> 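The structure under discussion is supplied below as structure tokens; questions concerning it will follow.
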Amino acid sequence: MLNMLTWVIVTLVLGGLIWVYQTIKPPPPKICGSRNGPPVTSPRIRLRDGRHLAYKMRGSAKENATYKVLLTHGFCASKDTYLPVSDDWLDELGICLVTFDRPGYAESDPNPKRSPMSDAFDIQELADHLGLGPKFYVIGLSMGTYPIWGCLKYLPHRVAGLALVVPVVNFWWPSLQSELASTAFKELGAIERWRLRIIHHAPKLAWVLRHWLRAETINTILEKNPKAFNKSDVEIMKLLSSLPAPDEHKIRQQGEYESLHRDMTVSFGKWEFDPLVIDNPFPNNEGHVDLWIGLEDGIVSIELQRHIAKRLPWIRCHEIPGAGHLIIHDSSICKMILKSLVLGEKPSFE
């Protein structure tokens, strides 16, 4: 009887340990082009470490373009992010626009060592592979702005101009004003605060608890907190829902761990540098950095974005009246962002 009970206990313990291990251990990514992975359908480059980056080019041919612009998409998105500008309009301005899948998204290979620095050097390698020349422009959207901070820190000699569009701010940046960060953090929902705390301090635990602390996307935020989106955001979402999106299913096709989860842990994790002490990359005004804020943005803190502009006075801050978080999908604003970046043109509302 005792032996039988012992075996039952041992079996239960072993079963529990196996369950814990399987829960903690993320599933292997489904690498595009591998035997059991999704097919490769987009042009890609091979990076020095063997990974691939998928990209898309629009506008002027790179040989004829005056301005080469690389854009990094936001959370749960891809190189196919909707940008309401035509190829003819881009060509008229002499812009060659390159969008690409950030590591782990859609058709770009995951990077287990991903960081703001590694993403910045991915951008540099992509530009060099495509022959974009010694200088290029970069735009980051929302959570896709941490690679832009990486460019500011590590590649100031390669960028001709940069734009941070409704940037997500890491509450744990060392020199971020603690009182301001605490106030902005408290404005988040209780579950969201716990999720970000765990992502920052124990990212592996965050993966274990993913079913209860799932990352928020536009659709889930709309369901739980519709007030986070203003009138213009709602109109933009209606437009986006009416547009064909045949490749939307590819965004997470390599696995949620390497796309959404990894993106969150890098964005809100421990960075190797403090963005708020970066030196002006253009001391002789040979370029500029733009920060774009929607004054009715309910997703990222307006006050934290203003604080960035105050701490880094060489950033040109543009506050758009009546705009929310999805400003890049507004045709007039998208054109303003591009014109300000490459032409230095002042926005019409200023």
Side-chain angles (χ1 to χ4, degrees), residues 26 28-58 61-63 65 67-74 77-81 96-141 143-162 203 250-251 253-255 257-267 269-273 275 278 281:
K30 298 175 181 178
I31 305 292
C32 290
S34 64
R35 184 175 180 181
N36 298 313
V40 176
T41 61
S42 301
R44 305 200 302 176
I45 65 157
R46 183 181 175 87
L47 300 170
R48 278 193 290 267
D49 62 5
R51 290 181 296 115
H52 296 85
L53 278 187
Y55 67 92
K56 181 178 181 180
M57 300 180 76
R58 295 183 54 196
K62 63 183 180 182
E63 298 80 12
Y67 312 104
K68 287 89 171 183
V69 181
L70 294 102
L71 181 143
T72 62
H73 63 78
S78 73
K79 64 183 178 301
D80 297 311
T81 289
C96 172
L97 180 63
V98 180
T99 57
F100 64 97
D101 296 326
R102 294 195 284 118
Y105 279 109
E107 295 183 68
S108 286
D109 294 343
N111 180 5
K113 298 178 180 179
R114 190 170 168 191
S115 69
M117 179 173 69
S118 70
D119 272 22
F121 283 107
D122 282 356
I123 291 172
Q124 177 176 245
E125 277 201 66
L126 177 61
D128 290 342
H129 270 276
L130 297 179
L132 300 186
K135 293 256 184 179
F136 48 83
Y137 297 84
V138 288
I139 301 175
L141 311 179
M143 197 173 289
T145 50
Y146 66 76
I148 309 306
W149 287 112
C151 289
L152 275 168
K153 173 66 176 177
Y154 300 108
L155 304 175
H157 58 292
R158 294 299 309 271
V159 288
L162 309 93
K250 294 181 180 179
I251 292 173
Q253 66 180 353
Q254 297 186 82
Y257 183 83
E258 292 296 349
S259 53
L260 308 191
H261 180 75
R262 182 87 68 186
D263 212 5
M264 291 291 297
T265 56
V266 175
S267 186
K270 297 177 176 70
W271 288 24
E272 64 270 17
F273 65 93
I278 290 177

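Treat the numbers as computed from the prediction; the structure is a model and nothing was measured.
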> Tell me which pairs pass salt bridge (charged side-chain N to carboxylate O under 4.0 Å, His left out) where either residue lies in residues 29-43, with sequence neighbours left out.
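Qualifying pairs, neighbours excluded: none.
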> Using 0.5 Å steps for rounding, measure from the CZ atom of F273 to the NZ atom of K153.
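The CZ atom of F273 sits 7.0 Å away from the NZ atom of K153.
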> Using ring-ring contact (aromatic ring centres under 6.0 Å, His included) as the criterion, list what pairs up with Y105, not counting sequence neighbours.
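H73.
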> Using every non-hydrogen atom in the two residues, find where T265 and R262 come nearest and quote the distance to one decimal.
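It is OG1-O, 2.9 Å.
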> Checking S108 side chain against G104 main chain: does a donor-acceptor pair fall under 3.5 Å?
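Flag not set: sc S108 to bb G104 has no pair under 3.5 Å.
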> Do the non-hydrogen side-chain atoms of L260 and M264 ever get within less than 4.5 Å of each other?
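A side-chain contact under 4.5 Å is absent here.
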> If the condition is ring-ring contact (aromatic ring centres under 6.0 Å, His included), which residues does H52 pass it with, not counting sequence neighbours?
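Partners of H52 by the ring-ring contact (aromatic ring centres under 6.0 Å, His included) criterion come out as none, since no residue qualifies.
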> Taking only residues two or more places apart in sequence, or in another chain, which ones meet T41 in a side chain to side chain donor-acceptor pair (under 3.5 Å)?
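In terms of side chain to side chain donor-acceptor pair (under 3.5 Å), with neighbours along the sequence ignored, T41 is linked to E107, K250.
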> Which residues satisfy the side chain to side chain donor-acceptor pair (under 3.5 Å) test with Y146, sequence neighbours excluded?
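Only R102, R114, D263 meet the side chain to side chain donor-acceptor pair (under 3.5 Å) criterion with Y146.
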> For a side chain to side chain contact (heavy atoms under 4.5 Å, CB included) check, start with the C-alpha distance between L71 and V98, then their side-chain angles and the critical distance, and finish with the verdict.
CA-CA 6 Å; L71 181 143; V98 180; over 6 Å; no
> Side-chain contact, heavy-atom cut-off 4.5 Å: K113 with S118?
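A side-chain contact under 4.5 Å is absent here.
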> Just to verify, what does S78 make a side-chain contact (heavy atoms from CB on, under 4.5 Å) with, not counting sequence neighbours?
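With sequence neighbours excluded, S78 shows a side-chain contact (heavy atoms from CB on, under 4.5 Å) to D80, D101, A106, I251, given in chain and number order.
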> Name all pairs fulfilling the side-chain hydrogen bond (donor to acceptor under 3.5 Å, both in side chains) condition that reach into residues 123-136, sequence neighbours left out, sorted by first residue then second.
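Every side-chain hydrogen bond (donor to acceptor under 3.5 Å, both in side chains) pair that includes a residue of residues 123-136, provided the two are not neighbours, is Q124-R158, D128-R158.
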> Rounded to the nearest 0.5 Å, what's the gap from CD1 on I148 to CG on D119? Could you check?
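The CD1 atom of I148 sits 9.5 Å away from the CG atom of D119.
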> Would you name the heavy atoms of V266 and W271 that are closest together and state the gap between them?
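Result for this residue pair: O-NE1, 2.9 Å.
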> Find out whether Y67 and F136 are in side-chain contact, i.e. whether some heavy atom of one side chain is under 4.5 Å from a heavy atom of the other.
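Not touching, per the 4.5 Å side-chain cut-off.
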> Are any of the side-chain heavy atoms of T145 and M143 separated by less than 4.5 Å?
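No, every pair of side-chain atoms sits at 4.5 Å or beyond.
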> Please test V69 against V138 for side chain to side chain contact (heavy atoms under 4.5 Å, CB included), starting from the C-alpha separation and ending with a verdict.
CA-CA 6 Å; V69 181; V138 288; over 6 Å; no
> Applying ring-ring contact (aromatic ring centres under 6.0 Å, His included), name anything that partners F121, two or more places apart in sequence or on another chain.
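Residues passing ring-ring contact (aromatic ring centres under 6.0 Å, His included) with F121: none at all.
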> For P43, check side-chain contact (heavy atoms from CB on, under 4.5 Å) against everything at least two apart and list the hits.
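Scan of P43 (side-chain contact (heavy atoms from CB on, under 4.5 Å), adjacent residues dropped) gives Y55.
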> Do L70 and I139 come close enough that some side-chain heavy atom pair is under 4.5 Å?
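When only atoms from C-beta onward are counted, I139 and L70 do not touch, as no gap falls below 4.5 Å.
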> Applying side-chain contact (heavy atoms from CB on, under 4.5 Å), name anything that partners Q254, two or more places apart in sequence or on another chain.
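side-chain contact (heavy atoms from CB on, under 4.5 Å) check on Q254 returns I31, C32, D109, P110.
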> Classify the ring geometry of H261 against Y257: parallel below 30°, tilted from 30° to 60°, perpendicular beyond 60°.
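Ring orientation of H261 relative to Y257: parallel.
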> Quick one about K79 and S42 (side-chain donor to acceptor, distance below 3.5 Å, no hydrogens or angles considered), yes or no?
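Note: S42 and K79 side chains meet the donor-acceptor criterion.
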> How long is the straight-line distance from CD1 of I123 back to OG1 of T72, given to the nearest 0.5 Å?
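Result: 5.5 Å between the selected atoms.
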> Could you tell me the separation between the SG atom of C96 and the NZ atom of K68, rounded to the nearest 0.5 Å?
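C96 atom SG to K68 atom NZ measures 7.5 Å (nearest 0.5 Å).
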> What distance separates L141 CG from T81 OG1, expressed to the nearest 0.5 Å?
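So the gap between those two atoms works out to 6.5 Å.
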> List for me each residue that meets salt bridge (Lys or Arg N to Asp or Glu O under 4.0 Å) alongside R58, sequence neighbours excluded, and say none if there are none.
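Partners of R58 by the salt bridge (Lys or Arg N to Asp or Glu O under 4.0 Å) criterion, ordered by chain and then number, come out as D87.
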> Among all residues two or more places apart in sequence or in another chain, which pass the side-chain contact (heavy atoms from CB on, under 4.5 Å) test with E272?
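E272 satisfies side-chain contact (heavy atoms from CB on, under 4.5 Å) with S115, P116, M117, Y154 only.
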> Just do the side chain to side chain contact (heavy atoms under 4.5 Å, CB included) check on L126 and F100 with the steps written out, would you?
CA-CA 9 Å; L126 177 61; F100 64 97; 3.7 Å; yes
> Is M57 close to L97 at the side-chain level, that is, under 4.5 Å between some pair of heavy atoms?
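Side chain of L97 against side chain of M57, heavy atoms only: no contact under 4.5 Å found.
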